[in-house]
Amino acid sequence: NGQKWENIQVKEDSLTGYTGAVFINQETKEIILVNRGTETSDGRDIVNDVQMVVNQIPAQYLSSQSLVDFAQNYAQENNYNFSITGHSLG
């Protein structure tokens, strides 16, 4: 559709297995935080999924918080619409 998205931030936490990225579209004034979903071959992801099942805050959620804060601040400072998306349990 001709829209240009630029990756402006990536976070990969080797301890928790969290991976996320922030993309902006300067034409439409949008910012999107994308969370990678569960990889069943990664034990860290399974631990985080189990934490959710037993009603605990998963370590990946805590790990993602700095990226969420970055994207929210960018959106507010630049008057962008902010969205969050993910795959699976992301």
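Atom CG of Asn35 sits about 11.0 Å away from atom NZ of Lys11, to the nearest 0.5 Å. Between atom NZ of residue Lys4 and atom CD of residue Glu27 there is a gap of 8.5 Å, rounded to the nearest 0.5 Å. Atom CG of Leu33 and atom CG of Leu67 lie 4.5 Å apart (nearest 0.5 Å). The OG1 atom of Thr38 lies 6.0 Å from the CE atom of Met52; values are rounded to the nearest 0.5 Å.
Of the possible donor and acceptor atoms, none in the side chain of Gln51 sits under 3.5 Å from a partner among the backbone N and O of Gln56.
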Given Arg44 and Thr16, is the side-chain contact (heavy atoms from CB on, under 4.5 Å) satisfied, shown in steps? CA-CA 6 Å; Arg44 298 168 300 180; Thr16 67; 5.9 Å; no
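Contacts of Thr28 classified as side-chain contact (heavy atoms from CB on, under 4.5 Å), with partners at least two apart in sequence or in another chain: Gln3, Asn25, Glu30. Taking Val10 as the reference, Asn7, Glu12, Ala21 meet the side-chain contact (heavy atoms from CB on, under 4.5 Å) condition, with sequence neighbours excluded.
The ring-ring contact (aromatic ring centres under 6.0 Å, His included) contacts involving residues 17-67 comprise nothing, where partners must be two or more places apart or lie in separate chains.
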Show me, pair by pair, the donor-acceptor contacts under 3.5 angstrom made by side chains of residues 70-84, not counting sequence neighbours?
residue, atom, partner, partner atom, Å
Asn73, ND2, Asp69, O, 3.2
Asn78, ND2, Tyr74, O, 2.9

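Listed by chain and number, the hydrophobic cluster partners of Leu15 come to none, as no ILVMFWY side chain reaches under 4.5 Å of it.
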